[in-house]
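So the structure is just underneath, and the comments pick up after that.
Positions are given from 1 along the sequence.
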Amino acid sequence: MARTWLHLTSSVIVCALICFNFFTVDSKDHHPRPMLLPLQLTSRNHSQQRHLDNIRRHLQQSGLSSSTPNARMRLYDDLLSNGYYTTRLWIGTPPQEFALIVDTGSTVTYVPCSSCAHCGKHQDPRFQPDLSSTYQPVKCNPSCNCDDEQKQCTYDRRYAEMSSSSGVLGEDIVSFGNESELVPQRAVFGCENRETGDLYSQRADGIMGLGRGQLSIVDQLVDKSVIGDSFSLCYGGMDVGGGAMVLGKITPPPEMVFSHSDPFRSPYYNIELKEMHVAGKRLKLPTGVFDGRHGTVLDSGTTYAYFQKDAFVAFRDAILREVHSLKRVRGPDPNYDDICFSGAGRDVSQLSKSFPEVEMVFNNGNKLLLSPENYLFRHTKLIGAYCLGIFANTESTTLLGGIVVRNTLVTYDRDNDRIGFLKTNCSELWRRVNISGAPAPAPSVSQSNDTNLEIPPASAPSGSPANVLPGSFHIGFITFDMSVSTNDSKLKLNFKEFGQLISEELEVDNSQVRLLNVTSKGNDYLVRWGIFPTSSASYISNSTALSIILRLRDHRLQFPERFGNYKLVEWNAEPQRKSSWWRHHLLAVVLGCIITLSLSAIGIWLVIRRRRQSVTAYEPVASPTPEQELQPLQT
């Protein structure tokens with residue numbers, strides 16, 4: 001779900017809001033629709049307060065040790081399929097797990113509360129404060145809005161697509177997963193009592209707010225002096241999804257390019273974009289076209305990019321001039337006039353042969369190179385077709401969503417008021433980035449040779465499913481359970497079609513996917529599937545097994561809307577069963593026995609026949625001859 005979050009009154013700072021009409025993307029069709037980007041008024045007192053907070057944090061950061069820990073966290077889902085990326089966060093004692101959308105445009109982290117009167121069905125169970133021994137409500141005080149009983153602080157967020165979230169504020173232990181060296185910390189978060197719109201229907205549990213604000217999880221950790229005033233996001237590429245996030249400082253690689261970011265211009269993370277080049281040619285645009293209103297804003301909660309109208313037209317026309325060999329086709333949704341092309345092929349790594357490179361030039365002269373996957377999205381109905389992921393904005397702010405930074409490490413260096421960019425393979429992020437004081441993590445999956453699957457042991461971020469499989473072995477088959485909820489009670493799942501879609505998502509032959517078990521209750525199904533070797537193999541090949549495991553582990557299976565919402569409950573990979581000598585050679589033994597018995601039978605038959613022939617040919621010594629028997633008697 002693509003969105004930029006609309007902040008209302010927080011529990012700490014009460015600000016006036018002015019709303020501007022932008023365009024956002026529908027989470028289902030990934031197309032433009034009206035949206036609102038909020039603006040906090042920069043009154044003198046408010047600006048002074050932010051300036052004082054900035055000075056205070058700089059003083060705090062100057063006293064931090066160079067070995068300050070970081071929270072290293074995985075990202076899941078896919079930006080264009082789901083409209084967002086999520087990470088896993090654990091709240092309470094004992095920990096309760098949640099899948100939260102990472103959003104640089106929001107300042108509050110919130111999850112559904114067990115007492116919620118109107119919350120949808122999400123990926124994980126609701127937070128139960130009564131089950132956490134460390135939970136404490138944030139008591140009502142003069143700096144927050146309070147509930148009707150004037151006992152607990154509340155929060156309220158309303159968003160452009162007419163969705164909303166409201167609830168109470170609580171404080172508890174927050175854990176960041178077993179790949180993080182940052183120990184669990186107490187933090188304030190929202191416990192939802194009501195949600196509407198897309199927030200109600202989305203699969204993710206809630207939001208992880210990374211924006212600027214005292215309720216932001218980043219600000220809270222920085223104020224505790226447990227991390228440096230910085231964080232980084234790295235989104236996976238087209239068709240890959242996933243990625244990584246670091247809360248805290250990293251050592252920027254030498255090739256990382258930076259742009260200044262003004263924290264006082266707006267509450268959003270902005271950069272100073274000066275001009276753009278397409279195929280090495282500068283777009284002919286007026287000076288300052290990317291500097292209107294909020295300037296150029298980065299928002300991880302928005303899917304696509306939105307340019308001021310003149311900039312969009314110039315960009316579109318420049319792309320059209322460079323794609324002579326491709327055919328214009330209609331977009332996936334007839335309700336939108338998307339700019340799409342066919343004939344580029346399915347291989348994302350080859351798109352640069354059909355589409356031009358794009359450069360973003362910052363005010364300081366630094367340049368960020370964009371590959372085609374940073375401004376295109378795959379056509380959902382035509383194989384080998386792609387559409388522009390850049391749209392026109394009715395207002396002058398330039399909004400850069402997640403599509404622009406796929407396979408790009410983005411470092412929000414708040415301590416130095418700058419944002420850095422590094423084109424990289426996000427799956428190999430840890431090899432290229434030196435994280436201060438952090439040991440290099442073991443790779444999630446590695447392949448040693450063509451005959452063995454090597455998956456190093458590691459503890460799971462949650463109890464089920466495990467992240468990795470122990471040992472080195474051949475995989476005989478893979479099973480996984482899915483819970484599926486359909487919206488239409490009259491709709492019956494077509495499991496044959498479902499199996500075909502699973503085979504396409506996992507890139508295996510349809511004959512390898514088997515339905516093992518189904519249980520249902522109303523519109524809810526629990527389905528167990530099995531992935532087996534091909535008919536000509538005794539185990540699943542290493543490359544196929546690795547691909548299946550990663551796709552299942554990272555929740556990267558996507559299905560049409562008519563199949564409703566699904567959740568991966570559990571998956572398991574079984575090693576190839578070692579057969580005994582007798583089982584392994586059973587066929588040969590059986591054939592040998594049959595041949596032996598056949599030869600024995602033939603031999604016995606020949607012996608019996610020879611004996612019969614010998615008995616017939618034998619004559620006694622005194623027996624009469626035929627002539628004697630025919631001779632007449634003499635009288």
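The SG atoms of C113 and C119 sit 2.5 Å or more apart. The SG atoms of C140 and C146 sit under 2.5 Å apart.
Atom CG of D205 is separated from atom CD of E97 by 8.5 Å, given to the nearest 0.5 angstrom. The NZ atom of K121 sits 13.0 Å away from the CZ atom of R203 when rounded to the nearest 0.5 Å. Taking CD1 of I173 as the reference point, atom CD of Q136 lies at 9.5 Å (rounded to 0.5 Å). With rounding to the nearest 0.5 Å, the separation of CD in E373 from CG in N407 is 4.5 Å. A distance of 5.0 Å separates CD1 of I502 from CE of M482, quoted to the nearest 0.5 Å. For the atom pair CG (L100) and OG1 (T109), the distance works out to 7.0 Å, reported to the nearest 0.5 Å.
Counting only distance, with no hydrogens or angles, the side chain of K381 and the backbone of P332 share a donor-acceptor pair below 3.5 Å. Using modelled atom types, no side-chain atom of T397 and backbone atom of R293 make a donor-acceptor pair closer than 3.5 Å. No donor-acceptor pair under 3.5 Å is formed between the side chain of S261 and the backbone N or O of I419.
When side chains are defined from C-beta on, L210 counts as touching L247, because their heavy atoms get closer than 4.5 Å. You'll find the side chain of F421 reaches within 4.5 Å of the side chain of V405, heavy atoms only. Using a 4.5 Å heavy-atom cutoff, the side chains of R265 and V297 are not in contact. Side-chain contact between V404 and L370 is present, with heavy atoms from C-beta onward closer than 4.5 Å. A heavy-atom distance below 4.5 Å is not found between the side chains of N70 and L182. Counting heavy atoms from C-beta on, the side chains of H379 and D338 never come closer than 4.5 Å. Two residues are said to be in side-chain contact when any heavy atoms from C-beta on lie closer than 4.5 Å; E179 and M73 fail this criterion.
When the shell of 6.0 Å around CG of D524 is examined, it contains more than 12 heavy atoms from other residues, nucleotides or ligands.
Between F231 and Y412, the ring planes are parallel. Angles under 30° get that label, and only those over 60° would be called perpendicular. Ring geometry for Y155 versus Y110: interplanar angle under 30°, hence parallel rather than tilted (30 to 60°). Y85 and Y235 have parallel rings, their planes meeting at less than 30° on a 0 to 90° scale where 60° marks the start of perpendicular.
No donor-acceptor contact under 3.5 angstrom links the side chains of S230 and D413, judged on distance only. Of the N and O atoms on the side chains of T93 and S133, not one donor lies less than 3.5 Å from an acceptor on the other residue. Side-chain atoms of Y269 and R212 form no donor-acceptor pair, as typed in the model, at a separation below 3.5 Å.
Residues N141 and C153 approach most closely at ND2-SG, 3.4 Å, considering heavy atoms. In plain terms, the two heavy atoms of T86 and A204 that are nearest each other are CG2-CB, 3.9 Å. Closest approach of M238 to R378, counting heavy atoms only: SD-NH2, 4.3 Å. Shown here for Q220 and Q214, the closest heavy-atom pair between the two residues is CG-O, 3.5 Å. Between Y306 and T302, the closest heavy-atom pair is CE1-CG2, 3.8 Å.
For R88 and D124, the salt-bridge test fails: no basic side-chain N is under 4.0 Å from an acidic carboxylate O.
The residue from L399, T398, I271, T104 that alone fulfils the side-chain contact (heavy atoms from CB on, under 4.5 Å) condition with L298 is I271.
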